Amino acid sequence: MNFQAAHFLTSAAKLSQCPPDIGAEVAFAGRSNAGKSTCINAITRQGKLARTSKTPGRTQLMNFFALTDTQRLVDLPGYGFAKVPLEVKREWQKHLEDYLRHRSCLKGLVLLMDVRHPLQEFDRNMLAWSLKANLATHVVLTKADKLNRGPAHNTLLAVRKELQTLHSSFTVQLFSEPAKTGLDELRDHLSGWLIQS
Ligand SMILES: Nc1nc2c(ncn2[C@@H]2O[C@H](COP(=O)(O)OP(=O)(O)OP(=O)(O)O)[C@@H](O)[C@H]2O)c(=O)[nH]1
Ligand SMILES: [Mg+2]
């Protein structure tokens with residue numbers, strides 16, 4: 001698959017604003033600042049495709065990127081950003097659940113977690129959602145460059161073990177944008193999901 005062909009398609013605040021529900025789509029979810037936008041830019045080799053920021057909560061809409069007419073990547077808003085009123089958070093959660101439950105073309109979920117803080121409450125909620133929705137899910141442990149090789153690998157094994165107790169299909173890998181770790185592994189995973197349909 002040619003990930004470099006990715007281009008911005010549209011933004012949506014809720015399901016009804018999403019592009020037509022056809023073809024195949026993979027969504028990137030995770031806490032604010034986990035590295036979703038950075039990851040999308042890395043796999044598409046486009047530094048400025050998805051907006052990244054040091055200010056958590058920058059991406060507050062679902063951003064759709066087209067690879068072809070029928071294949072898309074979706075940058076979901078980060079969860080847990082502090083400076084948003086509770087009402088707004090609840091509203092967003094409703095739209096996120098709506099999207100995850102009713103988007104037929106959604107073939108897989110990439111759930112990103114900072115390797116230094118994996119499996120936080122939001123992450124566990126998302127995994128529970130994935131299970132309920134029977135949604136294929138791949139966990140990406142980001143910022144692997146922030147840990148030494150040994151501790152990073154130990155975290156990978158520990159998270160894998162815990163995921164396996166939830167569902168045998170859950171997978172996990174390490175990732176680092178500056179070190180370019182895990183790029184091909186993730187691209188292979190995405191291709192598998194996007195090509196199946
Ligand atoms: N060292 C290191 N920093 C990273 C990595 N990935 C992302 N970052 C940094 O983490 C910060 C947040 O990255 P984003 O990609 O904007 O995170 P996000 O998940 O899209 O955040 P929201 O849009 O707020 O939900 C930025 O300062 C990135 O440069 C990585 O692999 N290694
Ligand atoms: Mg972002």
Side-chain angles (χ1 to χ4, degrees), residues 3 6-14 18 25-66 72-86 88-97 99-100 108-127 129-130 137-153 155-156 159 172-187 189-190:
F3 288 98
H7 55 276
F8 177 76
L9 191 61
T10 189
S11 296
K14 50 185 168 186
C18 293
E25 208 162 272
V26 174
F28 288 64
R31 281 156 55 88
S32 199
N33 209 45
K36 299 173 292 297
S37 303
T38 301
C39 184
I40 288 176
N41 290 344
I43 56 174
T44 59
R45 292 198 185 90
Q46 294 188 42
K48 290 178 185 154
L49 186 65
R51 283 215 269 170
T52 63
S53 165
K54 291 206 192 319
T55 316
R58 178 91 184 230
T59 316
Q60 296 193 14
L61 295 167
M62 306 184 235
N63 288 312
F64 291 80
F65 303 99
R72 292 172 300 276
L73 303 178
V74 189
D75 192 3
L76 296 175
Y79 203 90
F81 39 90
K83 292 204 178 89
V84 175
L86 193 60
V88 177
K89 285 187 190 174
R90 290 216 181 96
E91 188 69 6
W92 161 241
Q93 182 164 358
K94 209 180 73 191
H95 293 316
L96 178 66
E97 288 180 5
Y99 171 83
L100 293 175
L109 183 74
V110 177
L111 183 53
L112 294 94
M113 308 175 194
D114 188 318
V115 71
R116 296 164 297 177
H117 320 284
L119 295 170
Q120 308 252 316
E121 190 187 351
F122 164 71
D123 306 322
R124 293 179 186 280
N125 288 341
M126 281 299 296
L127 289 167
W129 261 105
S130 290
T137 302
H138 181 59
V139 172
V140 171
L141 300 172
T142 60
K143 312 190 188 186
D145 54 283
K146 297 277 191 186
L147 292 181
N148 288 327
R149 205 176 281 257
H153 191 67
T155 303
L156 174 70
V159 171
V172 56
Q173 69 161 93
L174 289 170
F175 182 88
S176 163
E177 190 276 322
K180 307 293 172 213
T181 311
L183 280 170
D184 283 336
E185 188 177 353
L186 181 52
R187 288 194 190 107
H189 223 92
L190 297 175

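For clarity, every value in this text was computed on a predicted model and none was experimentally measured. We're numbering straight along the sequence, starting at 1. We count ligands from 1, going down the list as the structure has it; atoms in each ligand are counted the same way.
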Check ligand 1 against [X] and write out every atom of the ligand that is under 4.0 Å from a heavy-atom position of the residue.
X	result
Lys36	15 (O), 17 (O), 18 (P), 19 (O), 20 (O), 21 (O), 22 (P), 25 (O)
Lys146	1 (N)
Gly78	25 (O)
Ser176	31 (O)
Gly35	7 (C), 13 (O), 14 (P), 15 (O), 17 (O), 18 (P), 19 (O)
Glu177	30 (C), 31 (O)

Has ligand 1 got any nitrogen or oxygen that is less than 3.5 angstrom from a nitrogen or oxygen of [X]?
X	result
Pro77	no
Asp145	yes
Cys39	no
Asn33	yes
Phe175	no

Problem set entry | Gly30 near ligand 1 by a heavy-atom separation under 4.0 Å |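 It does not; every heavy atom stays at 4.0 Å or beyond.
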For this session: Determine, using heavy atoms of Thr142 and all atoms of ligand 1, whether some pair is separated by less than 4.0 Å.
Result: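 The answer is no: ligand 1 sits nowhere under 4.0 Å from a heavy atom of Thr142.
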Over all atoms of both residues, closest heavy-atom pair of [X] and [Y]:
X	Y	answer
Arg31	Lys36	O-NZ, 2.9 Å
Thr142	Asp114	OG1-CA, 3.5 Å
Phe175	Leu183	CE1-CD2, 3.6 Å
Gly35	Leu112	O-CD2, 3.8 Å
Arg187	Ala42	NH2-O, 3.4 Å
Ser130	Thr137	OG-OG1, 2.9 Å

For this session: Please round to the nearest 0.5 Å and tell me the distance separating atom CZ of Arg124 and atom CG of Leu111.
Result: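 Here the rounded value is 11.5 Å.
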Problem set entry | Option whose closest heavy atom lies nearest to atom 9 (C) of ligand 1, chosen from Lys143, Arg51, Arg31 |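 It is Lys143 that holds the nearest heavy atom.
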Problem set entry | Option of least heavy-atom distance to atom 15 (O) of ligand 1 (set: Thr38, Asn41, Val115, Leu76) |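 The residue whose heavy atom sits nearest atom 15 (O) of ligand 1 is Thr38.
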Exercise. Of the backbone and side-chain N, O or S atoms of Ser37, does one lie nearer to the Mg ion (ligand 2) than 2.8 Å?
Worked result: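 Short answer: yes, at least one N, O or S atom is under the cut-off.
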Exercise. Only one of Asp123, Leu119, Leu174, Val115 clears side-chain contact (heavy atoms from CB on, under 4.5 Å) with Val159; which?
Worked result: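 When Asp123, Leu119, Leu174, Val115 are each tested with Val159, the side-chain contact (heavy atoms from CB on, under 4.5 Å) holds only for Leu119.
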Exercise. Do the ring planes of His189 and His138 sit parallel (below 30°), tilted (30 to 60°) or perpendicular (above 60°)?
Worked result: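 If you compare the ring of His189 with that of His138, the planes turn out parallel.
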Problem set entry | Polar side-chain atom of Glu185 near backbone of Gln173 as donor-acceptor pair, under 3.5 Å |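 No, the answer is negative, given that no donor and acceptor are paired below the 3.5 Å cut-off.
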